[in-house]
Amino acid sequence: MNEAWRLTSGLGHEAQHREPVLVAAREAYDEAAGRCLPEGLWNMPISGGLGTWPGLPFALLFLEWEAQYPQEWTQHAKAWGTKETLIRKLAVGGHGEVVRARLVDLVDLVVQRAYRCKDREYVRVARAVDGAGLRDRLGRARRSDDPWAQLHAGYVLWLLDRPEVPNTRFVWRTWLADSGGR
């Protein structure tokens with residue numbers, strides 16, 4: 001694609017975009033990118049509801065990859081905006097059991113690691129999949145030996161009990177100060 005762009009750059013904007021070499025290169029690039037992360041998640045319209053969206057397994061894979069292998073994900077697929085958008089789209093009720101279980105796993109993974117960009121958005125998912133299974137896992141994280149997991153799980157549990165409270169940096173700092181980190 002870049003080579004075709006370079007070869008046709010002297011044609012002028014209008015002519016360049018009509019040049020068959022560049023058109024073919026762009027089509028090949030788009031076709032290949034559509035099977036890669038994160039590009040394969042861009043321009044995928046959700047129609048018929050999230051549960052029937054063909055991109056759902058791909059979206060979950062993308063988020064699981066970031067949660068389990070953050071360094072590899074950062075090197076090969078870093079796209080914070082895509083991460084944020086997917087988390088927000090998935091933070092809805094009514095998921096089937098398989099998707100719900102994977103989202104609970106994601107929340108559990110995220111509360112047990114150091115904060116990464118856009119992780120705060122997972123509170124939305126926690127609220128959408130709230131239930132005994134999630135609360136049990138957050139309770140285990142709260143009782144773990146890991147200070148970050150203790151704090152993060154405690155905060156998420158606190159927010160789950162207060163659905164009217166927004167998840168903002170101010171609320172996080174206030175909660176930390178009021179709870180003494182506990």
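For the single chain, residues carry numbers from 1 onward in sequence order.
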Nearest 0.5 angstrom please: Arg143 CZ to Leu138 CG, how far? 10.5 Å

Judged by atom type as modelled, is there a donor-acceptor pair below 3.5 Å linking the side chain of Arg113 to the main-chain atoms of Leu109? no

Contact check, side chains of Leu160 and Leu134, non-hydrogen atoms, under 4.5 Å: yes

Are Trp65 and His76 close enough that some pair of their side-chain heavy atoms sits under 4.5 Å apart? yes

Considering all heavy atoms, the nearest Ala91-Ala128 contact: C-CB, 3.6 Å

Tell me, with the steps shown, if Trp175 and Leu151 meet side-chain contact (heavy atoms from CB on, under 4.5 Å). CA-CA 10 Å; Trp175 179 83; Leu151 281 175; 4.1 Å; yes

Arg6 side, atom CZ; Glu3 side, atom CD - distance, nearest 0.5 Å: 4.0 Å

Apply side chain to side chain contact (heavy atoms under 4.5 Å, CB included) to Asp146 and list each qualifying residue two or more places apart in sequence or on a separate chain. Ser144, Trp148, Ala149

Evaluate the criterion side-chain contact (heavy atoms from CB on, under 4.5 Å) for residue pair Val125 and Leu106; output intermediate values, then yes/no. CA-CA 9 Å; Val125 173; Leu106 271 169; 5.9 Å; no

Taking all non-hydrogen atoms of both residues, which atom of Arg137 and which atom of Val104 are closest, and how far apart? NH1-CG1, 3.7 Å

Gap separating the CZ atom of Arg169 from the CZ atom of Arg120, nearest 0.5 angstrom: 5.0 Å

Test Arg116 against Val110 for side-chain contact (heavy atoms from CB on, under 4.5 Å), laying out the working first. CA-CA 9 Å; Arg116 285 178 52 87; Val110 169; over 6 Å; no

How long is the span from the CH2 atom in Trp158 to the CG atom in Asn167, to the nearest 0.5 Å? 9.5 Å

Any donor-acceptor pair under 3.5 Å from His152 side chain to Ala141 backbone: no

Would you indicate whether the side-chain heavy atoms of Arg142 and Val111 approach each other to under 4.5 Å? no

Looking only at non-hydrogen atoms, find the nearest pair between Arg100 and Asp130 and report the distance. NH2-O, 3.0 Å

Got a sec: does the OH of Tyr115 have more than 12 other heavy atoms crowding it under 6.0 Å? yes

Not counting sequence neighbours, list each pair that qualifies as a salt bridge (charged side-chain N to carboxylate O under 4.0 Å, His left out) and has a residue in residues 69-87. Glu66-Lys83, Lys83-Asp119, Glu84-Arg88, Glu84-Lys118

Do you know which two heavy atoms are closest between Leu86 and Ala59, and how far apart they sit? CD2-CB, 3.8 Å

Pairing residues for Asp161 by the salt bridge (charged side-chain N to carboxylate O under 4.0 Å, His left out) criterion, not counting sequence neighbours: Arg135

Assigning hydrophobic clusters by single linkage (Ile, Leu, Val, Met, Phe, Trp, Tyr; side-chain heavy-atom cutoff under 4.5 Å), is Tyr69 placed with Leu63? yes

Answer yes if Val165 and Val123 sit in the same cluster of Ile, Leu, Val, Met, Phe, Trp and Tyr residues linked by side chain heavy atoms under 4.5 Å apart, and no otherwise. yes

Give me the ring orientation class for Trp172 and Tyr155: parallel if the planes are under 30° apart, tilted from 30 to 60°, perpendicular past 60°. perpendicular

Would Leu22 and Leu11 show up in the same hydrophobic cluster when neighbours are defined by side-chain heavy atoms closer than 4.5 Å? no

Within a strict 4.5 Å, meaning less than it, do heavy atoms of the Leu103 and Leu60 side chains meet? yes

Between Leu56 and Leu90, does the side-chain contact (heavy atoms from CB on, under 4.5 Å) criterion hold? Intermediate values first, please. CA-CA 9 Å; Leu56 181 58; Leu90 291 168; 3.3 Å; yes

For the side chain of Thr85 and the backbone of Thr82, is there at least one donor-acceptor N/O pair under 3.5 Å apart? no

Can a donor-acceptor pair be found, under 3.5 Å and without considering hydrogens, that links the side chain of Arg124 to the backbone of Ile87? no

Should Trp5 and Val21 be regarded as members of a common hydrophobic cluster, given that ILVMFWY residues are connected when their side-chain heavy atoms come within less than 4.5 Å of each other, either directly or indirectly? no

